[in-house]
Number of protein chains: 2
Amino acid sequence: MDAVKKGRARKSTGREVRRLSRFAQRLLAEWKRLGLPTEHESVVVAVSGGADSMALLLGLNELSGVGRLALALTVAHLDHGLRAEAGALDARWVAEQSSALGCEVVLGSAAVKVRASETRDNLEQAARRARYEFLAAVAFERKARVVLAAHTLDDQAETVLLRLLRGSGAEGLSGIEPVRKLFEKNGVLLARPLLGWARRAETEAYCLERGVVPRVDAMNTDERYARVRVRRNLLPLMQTFNGRMVEALARTAQLLREDAAALELVAAELLCQASAEDVNKKSAPQQQILTPLRVDVLKGAPAALRRRALRQWIARGRGDLRRLEMTHLLAVEELLEGERGGRRIELPGGASVRRKRGLLYFDLKRVEKGDAAV
Amino acid sequence: MDAVKKGRARKSTGREVRRLSRFAQRLLAEWKRLGLPTEHESVVVAVSGGADSMALLLGLNELSGVGRLALALTVAHLDHGLRAEAGALDARWVAEQSSALGCEVVLGSAAVKVRASETRDNLEQAARRARYEFLAAVAFERKARVVLAAHTLDDQAETVLLRLLRGSGAEGLSGIEPVRKLFEKNGVLLARPLLGWARRAETEAYCLERGVVPRVDAMNTDERYARVRVRRNLLPLMQTFNGRMVEALARTAQLLREDAAALELVAAELLCQASAEDVNKKSAPQQQILTPLRVDVLKGAPAALRRRALRQWIARGRGDLRRLEMTHLLAVEELLEGERGGRRIELPGGASVRRKRGLLYFDLKRVEKGDAAV
C-alpha cells in the first residue's frame, strides 16, 4: 500500500519524463494506449528470465520508481521441465532478480512432455497451455485482473511468417493479439505491452543499460525449431528487401486482425439470419443442441462470411474449435451444393453436421459415462 | 470458320481425353471452372515468347487440334522497347511460332521508358499499362470478349511475397485475380487459366515436350529486380520450411481475396447507410459531386469496413484510386475523431476531404482548361 500512496502523491512533471529511459517512456505510452490499469491493482508479470521479459519487468520497475505506475507486481515463472538443471537455475535467478526489484515471485513447474503425450498436443502447444493455466492460477490467487507477457514486435513478425509458411488465412496472419482474455471463460486479460513497438534488440539493450545480463534459453538457438530458423535465416533475408520488414509484417498483422474482426461481426449477423425453426423436429430424434441453419441463406452469402458463420456455429455446438481445420469447413460447405439431403460430415471430436430438407443440423455424439476410459 | 465447324462436329470420347497431354487436360479443367468460352468466339492470347505464354498457346493449340476448343485465336505480342534488338528478335520468333500453329498474330511496340517519365509511373507499371492498352486494342479490333495471360502459380506466389515485403493488407496479399476486367470501363475480360494450378517447371517441360524452346528474357535473371530475387532466393528458402510453399501462398491469396470481396460488399452497404442529405448545402458553394457522409455512422463502424467505405467513396469521386495510400485513408479517418469540423485532408491528384457539421465532404479541384499546360 505504501507504493500506491507514493504513486498518487507524486505529480508527473516534464523533468520526470526526461529522466525516464526511452524504453520506459515507450512502455508507458503503449500501456496507456492499451488502457491498462496504472494504480490500485495487482498485476502478474510472466518472466522467463530472457531479455524480453526481464526488460518488461525492469521497465515496470522504472515506472513504479518514479511513481508513474503504482501497481502490486507479482512475478510468475514456470519451469516447463524441458531443460533439466537449466530450468532450476533459471527459476532461482528469476527469484533473485525479482526480490532485488522488490517484487513477489511465484515459481511453478510443469511436466510438459507428459502433458503433451496425454493431450495429443505438440510440445509447444502443451507448454503454452501449461503456462497459461499457471498464470491464471497465480492471477486468481493474487486477485489480478491483468497478466502481462513480454512478446515483442519480433515475436509478432516471426509468428506472422510461421503462419504464412503454413498457408494460413486472415485469422492466422493476424498474429499475436495485444490484449485478449487469458481463457475464454474467465475475466483475466493477457496483455502484451511490448508487442506493438519493442524490437528484441531494444529489450537486450535496455537490460544491459540496467546492469542485468538476461538468461539465454538454449532452445532459442536450436535450429530444429522452425521459429529459430525464421528468426536467423528467413527474416534477415526479407530484411534485405525492406529494412523495416518487422514493422511491415506487424502492420499487415494489424490490418488483417481488423479485417477478421469485421468479418466475424458480419458473419454473426449471417448466422442469425440463417438460423431456422426446426421444421423437421419430429423426424430428428437426436438431441439438438443448436438451431439448424437454412441452406438457402448460407448458399447466397459470400464464401468468406459463410465459412466464418459455420465456424461460429460449430464452435457454439462443440464448445471450442480444437482440431477443426479448413478442410472440415470446406466439407461442410459442400453439403450446401446440389439439392440432395441425407449426407453427413464428421468433425474431429465426435460431432457431425448433416443436411436434411433444406436445413443443416449439428449433432453431438452423446458421451456416456465410462466412454472416456475405453 | 473451318475450325469452328470441325470443333463442333467432333464428339469427345474417353480415348480422346487419354490422348491429351496432362498439361492440356488441366488447362481444359481450369478453363471450364473459370467459365471461359469454348467455341464460336475470338480470343486474344498475350504471348511474350517465354515458357509460360508459349505453353498456354501450345496448350490451346492442342485442345483445338482435338476439337475440345473451337476458338479463333489471335496472338498479341508487344515489344516494350526496353531491350533493343532482343525485343525485335522475340517479336519475329513469336510471329513465326504463331504462324506455324496457324494463329494470326498482331505485333505492337511501345516506348515504355518515355511513357513512364510522362506519367510518373515506375517502369513496371508503365509497361503493364502499355501492354493492357495494346491488348484492349487488339481485342476491340478482333471483337474478342476474352484476353488470356499466362501467369502461373509461381507468379501468384511471387506477387503475394512482393506485396508482403511492402507490408500490404488483404487486397495486396490477394495477389493476381484469375479473371477480371481488363479495364474498369470496358467489357473485355482478362483471364489467367494457368494461375490456379501450373508451376513454372510444368510450362517449361510442356514446351520441350512439344519441341519448342521458349525465349528467355534477360530481365528474368537480373537480380536488380525484387521479383527475381524473390524467385531465386526468398522462395527457395521458404520451400525448405514447406515443400508446397507456392501452393500455400496461392491458397492464402485466395482466402484473402474472398475476405476482401466480402468486406467490399459490406462496406458498400455501410457507404449507403452513411450517405446523407446535404444539410449544409447553402454554405457549400463548391461543386459537390458526391453525397456527403455522416461522421457518426462512420465512427460507429469497424475500422476495416470504415476504411473500405471511404476508399469506395473516394474512388467514386476521383474516378480511380491512383496514388491513394493507406496514409491518406488514415488521415481522412482522423477527421472523424473529436468534435471539431473545418479541417481538410488533401488527397493526391487535387481532391480533398473536409469535415463540416457532422458530415464529410469530397471536393474535387476544378481543372480549368489550360491548367494542364502549366
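Everything numeric here is computed off the predicted structure, so don't read it as measured data. In what follows, every chain begins at residue 1, and chains take the letters A, B, ... in the order their sequences are listed.
- Between A:Arg355 and A:Glu334 no salt bridge is recorded (no basic side-chain N to carboxylate O distance below 4.0 Å).
- In this structure, A:Arg257 does not pair ionically with A:Glu177, as no charged nitrogen and carboxylate oxygen lie closer than 4.0 Å.
- Heavy atoms of B:Leu165 lying under 4.5 Å from chain A belong to its backbone as well as its side chain.
- For B:Arg244, no part lies near chain A; criterion is any non-hydrogen pair under 4.5 Å.
- Using a 4.5 Å cut-off between heavy atoms, B:Ala226 touches chain A through backbone and side chain atoms alike.
- Heavy-atom distances place both the backbone and the side chain of B:Leu234 under 4.5 Å from chain A.
- For B:Arg163, no part lies under 4.5 angstrom from a heavy atom of chain A.
- Among the candidates B:Asn242, B:Val230, B:Leu263, the residue making the largest number of heavy-atom pairs closer than 4.5 Å to chain A is B:Leu263.
- The part of A:Leu161 that comes within reach of chain B is its side chain, from C-beta onward, which places non-hydrogen atoms under 4.5 angstrom from that chain.
- Residue B:Met245 touches chain A through its side chain alone, counting heavy-atom pairs closer than 4.5 Å.
- Atom CD of A:Glu124 sits in a sparse spot, with 12 or fewer heavy atoms from other residues, nucleotides or ligands closer than 6.0 Å.
- Residue contact with chain B, scored on non-hydrogen atoms closer than 4.5 Å, involves the side chain of A:Ala303 exclusively.
- Distance alone, capped at 3.5 Å, places no donor-acceptor pair between the B:Arg192 side chain and the B:His151 backbone.
- Judged purely by atom type and a 3.5 angstrom limit, A:Arg180 has no side-chain atom pairing as donor or acceptor with the backbone of A:Leu190.
- Considering only heavy-atom pairs separated by less than 4.5 Å from chain B, the leading option among A:Val160, A:Leu255, A:Leu265 is A:Leu255.
- For the set A:Leu305, A:Leu164, A:Leu249, the entry with the most heavy-atom pairs within less than 4.5 Å of chain B is A:Leu164.
- Of the possible donor and acceptor atoms, one in the side chain of A:Thr252 sits under 3.5 Å from a partner among the backbone N and O of A:Ala248.
- Of the listed residues (B:Met326, B:Arg166, B:Glu258), the one with the most heavy-atom contacts under 4.5 Å to chain A is B:Glu258.
- Heavy atoms closer than 4.5 Å to chain B are found in the side chain of A:Arg308, but not in its backbone.
- Only the side chain of B:Leu237 comes within contact range of chain A, with at least one heavy atom under 4.5 Å from a heavy atom of that chain.
- Only the side chain of A:Leu256 comes within less than 4.5 Å of a heavy atom of chain B; its backbone N, CA, C and O stay farther away.
- Checked by atom type and distance alone, the side chain of B:Gln254 never pairs as donor or acceptor with a backbone atom of B:Arg251 at under 3.5 Å.
- Between the side chain of A:Arg318 and the backbone N or O of A:Pro348, at least one donor-acceptor pair lies under 3.5 Å.
- Checking side-chain atoms of B:Glu171 against main-chain N and O of B:Ala260 turns up no donor-acceptor pair under 3.5 Å.
- The contact between B:Leu173 and chain A is made entirely by side chain atoms (from C-beta outward), counting heavy-atom distances below 4.5 Å.
- With A:Glu158 as the fixed residue, the salt bridge (charged side-chain N to carboxylate O under 4.0 Å, His left out) test singles out one of A:Arg200, A:Arg229, A:Arg232: A:Arg200.
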